[in-house]
Amino acid sequence: MDTLLIIAIIGVAIFVGIASKKFYAKPYILNFGIAALMLLLVLQSLIMQPITVLGYIAIAVCSIAFVFQVVIGYRNWKSQEYTKV
């Protein structure tokens, strides 16, 4: 499980890096990719034993960033839909 999670984090990070250049016209893809990365980092921090103060800070910051990225991604996605019509 640990190794799979680390591979997923690396894979999503590579996707976010590529998406930042390739999907410039579709920023919601990048927002949702960053949100997925934040969620995976929260899961990784929760798996660490024992969780230190730095771990709790990482969980809090990544959780807040996850929520912001999902909201921003949803707004970007909806605004792209309205401009198409």
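Just so you know, residue 1 is the first one in the sequence shown, and it goes up from there. Computed from heavy atoms alone, side chains included, the values below leave out hydrogens, waters and symmetry copies. Keep in mind that this is a model prediction, so the values were computed, not measured.
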Once you round to the nearest 0.5 Å, how far does CG of Asp2 lie from CD1 of Ile7?
->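 It is 10.5 Å, given to the nearest 0.5 Å.
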Just by distance, do the side chain of Gln80 and the backbone of Ala25 share a donor-acceptor pair under 3.5 Å?
->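 Judged by distance alone, yes, a pair lies under 3.5 Å.
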So, for Ser45 and Gly55, which heavy atoms are closest and what is the spacing to 0.1 Å?
->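 In this case the closest contact between Ser45 and Gly55 is CB-O, 4.2 Å.
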Distance-minimising heavy-atom pair for Phe32 and Tyr74 | CZ-N, 3.7 Å
List the atom pairs, donor and acceptor, that lie under 3.5 Å between side-chain atoms in residues 61-72 and the rest of the protein, sequence neighbours left out.
unit_1, atom_1, unit_2, atom_2, d
Ser63, OG, Ile59, O, 2.6
Gln69, OE1, Asn31, ND2, 2.8

Look at the side-chain heavy atoms of Ile, Leu, Val, Met, Phe, Trp and Tyr, link any pair under 4.5 Å apart, and say whether [X] and [Y] land in one connected group.
X: Ile47; Y: Val12; result: yes
X: Val16; Y: Leu43; result: yes
X: Ile34; Y: Val42; result: no
X: Leu5; Y: Leu39; result: yes
X: Ile6; Y: Ile14; result: yes

Any side-chain heavy-atom pair of Ile51 and Tyr56 under 4.5 Å | yes
For atom NZ of Lys22, is the number of surrounding heavy atoms from other residues, nucleotides or ligands below 6.0 Å larger than 12?
->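 Not buried by this count: 12 neighbours or fewer within 6.0 Å.
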